[in-house]
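Reading through the structure tokens given below for one structure.
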Amino acid sequence: MLKTHSCGELRPKDIGQTVTLAGWVHRRRDHGELVFIDLRDSAGLVQVVFNPEVTRKGHELANQMRAEYVVQVTGEVARRPPGTENTKLATGEVEVIAQGTQILGPAKTPPFYINEDVEVEESLRLKYRYLDLRRERLRDNILLRHRVIKFMRDFLDARGFIEIETPILIKSTPEGARDYLVPSRIHSGKFYALPQSPQQLKQLLMVAGFERYFQIARCFRDEDQRADRQPEFTQLDLEMSFVDEEDILNLLEELLSSLVEAVAPHMRVIKPFLRLSYDEAMERYGTDKPDLRFDLHIGDLTDIAAASDFAVFRSAVGEGGKVKGICAPGCATYSRRQLDELTELARTYGAPGLITIALGGDAGRSLEELTLDEVKSVAAKFLTLEQVREMAARLGAGAGDLLLIAAGKPGMVDKVLGELRLEMGHRLQLADPNLLAFAFIVGYPLLEWSEGEGRWEPMHHPFTAPRDEDISLLDTAPERVRARHYDIVCNGCELSSGSIRIHSRQLQEKVFRLLGYGEEEIEERFGHMLEAFEYGAPPHGGIAPGIDRIVMLLAGEENIREVIPFPKTQSAVDLLTNAPSAVSEEQLRELHLKLRDE
Ligand code: ASP
């Protein structure tokens with residue numbers, strides 16, 4: 001090695017030793033005669049002093065060094081002079097008195113500061129990702145990611161799971177997204193698909209008798225990007241035989257809570273994990289991935305609204321819609337402008353408008369004492385005091401609070417209020433940043449009707465088993481069939497869906513047919529799975545929590561790009577290597593491809 005010690009490991013016990021270090025110039029300070037360099041390597045920082053009386057040549061070289069130069073230094077570890085210790089630094093009691101040095105790699109001036117946690121435009125950070133990764137925040141995130149994955153591996157290994165790799169070049173497997181395709185050179189006109197997940201293969205591993213499988217699996221989905229999505233992402237993919245829902249959920253609860261304890265002990269987990277039915281989640285939080293760190297639930301006001309004289313409410317109810325609301329605590333004093341902002345937000349989620357009711361008066365007064373003059377709302381004239389009190393009571397509101405009410409189609413109302421709930425939670429800082437509110441969502445329907453496609457689509461994927469007692473409804477009332485499907489969510493983020501799977505050919509074929517697949521297509525796309533089920537398939541199930549999202553939550557980041565070493569932009573571009581990029585005519589020819597003009 002070009003070094004005997006790491007910069008970050010030196011302590012008072014090393015005083016008197018001669019060491020050789022190698023790393024990056026983190027900071028350089030010129031104090032007249034003496035030059036100080038904070039030398040950084042992967043283990044941390046240490047201060048190096050260049051004194052011309054100790055080494056003239058070394059001092060000259062130190063004068064040439066600039067930020068991010070890679071240098072090697074040999075010198076003696078000494079105690080820092082009293083009063084100059086740096087308590088913020090692990091090595092802050094010592095320094096290295098340089099006796100000799102060498103510049104191993106000079107550096108151009110970096111496009112942004114490595115040694116300061118300043119805001120830098122993201123495209124610049126992505127283009128120079130190798131410099132961005134030198135910064136403390138990203139380095140810590142990548143270290144955390146390593147620890148998370150290591151923990152998962154050890155945890156599952158100790159429980160008899162074995163890690164099995166599955167291929168990247170496979171046949172398309174539906175997870176509801178578009179495939180990334182790879183043209184075959186050898187088979188003209190044919191394509192591999194990159195796996196949207198190893199779903200079919202892990203099920204086949206169960207048929208193969210492995211019983212407990214996991215993989216740190218890369219998945220590829222060509223879909224619109226969001227803060228918590230990337231074209232390729234990593235899942236902890238797992239599958240077990242001879243289990244039911246509880247076995248999987250218990251395993252997951254133990255895995256995730258012990259993971260947090262091990263790698264992010266400053267974070268608190270609510271245990272046991274919360275459980276909600278899908279209907280309850282939609283009804284109370286307007287989404288099946290609620291942030292449960294705070295309550296602020298949605299309340300149904302339809303019956304009260306229907307009895308009022310307010311035209312907006314009456315017409316919504318008349319058209320079969322709903323009137324629902326949430327309480328924004330302490331926001332009765334919101335200005336016109338603040339209310340307009342919330343209305344605008346509601347509009348972006350599809351609401352025609354937002355009805356606000358401010359309950360005046362000092363907080364703590366009972367609703368009984370509320371008078372009609374204290375109620376500020378466009379609807380006030382059309383509501384009785386009793387109706388306002390009833391609405392407030394249902395939303396848990398009191399004097400000083402603001403009611404936000406949406407009226408219209410149930411799906412839209414839930415969506416709008418779900419978003420407003422998050423907005424208010426954010427504005428009022430209701431969510432404890434050190435709390436992880438994991439929750440299992442259960443009781444999903446098996447299918448959902450797609451208006452656009454005019455057919456049933458699976459809520460999860462087509463391999464999910466219906467509940468045994470609902471199987472007969474597949475023929476008569478598919479919308480009522482409940483699935484053996486569960487989701488795990490945390491702080492408003494969906495970590496994973498999973499399910500107990502179908503393991504009989506007959507039932508699987510029936511579900512494929514219900515989803516609109518023709519016989520030929522079933523055989524062509526899934527014949528291998530169906531056949532496998534005829535050779536002794538065990539009951540099985542699994543789940544695949546998203547590792548990027550878990551690390552994001554543990555790191556307190558709001559975007560998964562911050563925990564992925566080399567992520568792509570929102571428009572799926574890799575700014576470091578400039579992928580995707582054009583290929584040569586020759587490569588196209590080899591792949592039997594011709595580009596279209598349109
Ligand atoms: N393959 C599923 C997914 O990617 C997870 C599972 O059902 O295990 O969502």
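Only a predicted model underlies this, so the values are computations on that prediction, with no experimental measurement involved. Indexing begins at 1, ligand by ligand and atom by atom, following the structure's order.
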| said: A side-chain contact here means heavy atoms from C-beta on lying under 4.5 Å apart; do Leu249 and Phe273 qualify? | reply: no
| field | Cation-aromatic face contact Arg421/Phe294, 6.0 Å, 45 degrees | value | yes
| field | With Ser450 via side-chain contact (heavy atoms from CB on, under 4.5 Å) - residues at least two apart | value | Glu453, Glu457
| task | Identify, with sequence neighbours excluded, every residue that meets side-chain hydrogen bond (donor to acceptor under 3.5 Å, both in side chains) alongside Glu562. | result | Arg125, Arg137
| field | Pro195 vs Gln200 side-chain heavy atoms within contact, under 4.5 Å | value | no
| Name the residues with a heavy atom less than 4.0 Å from ligand 1? | Glu175, Ser197, Gln199, Lys202, Arg221, Gln235, His460, His461, Ser497, Gly498, Arg501, Gly542, Ile543, Ala544
| field | With Asp548 via side-chain hydrogen bond (donor to acceptor under 3.5 Å, both in side chains) - residues at least two apart | value | Arg145
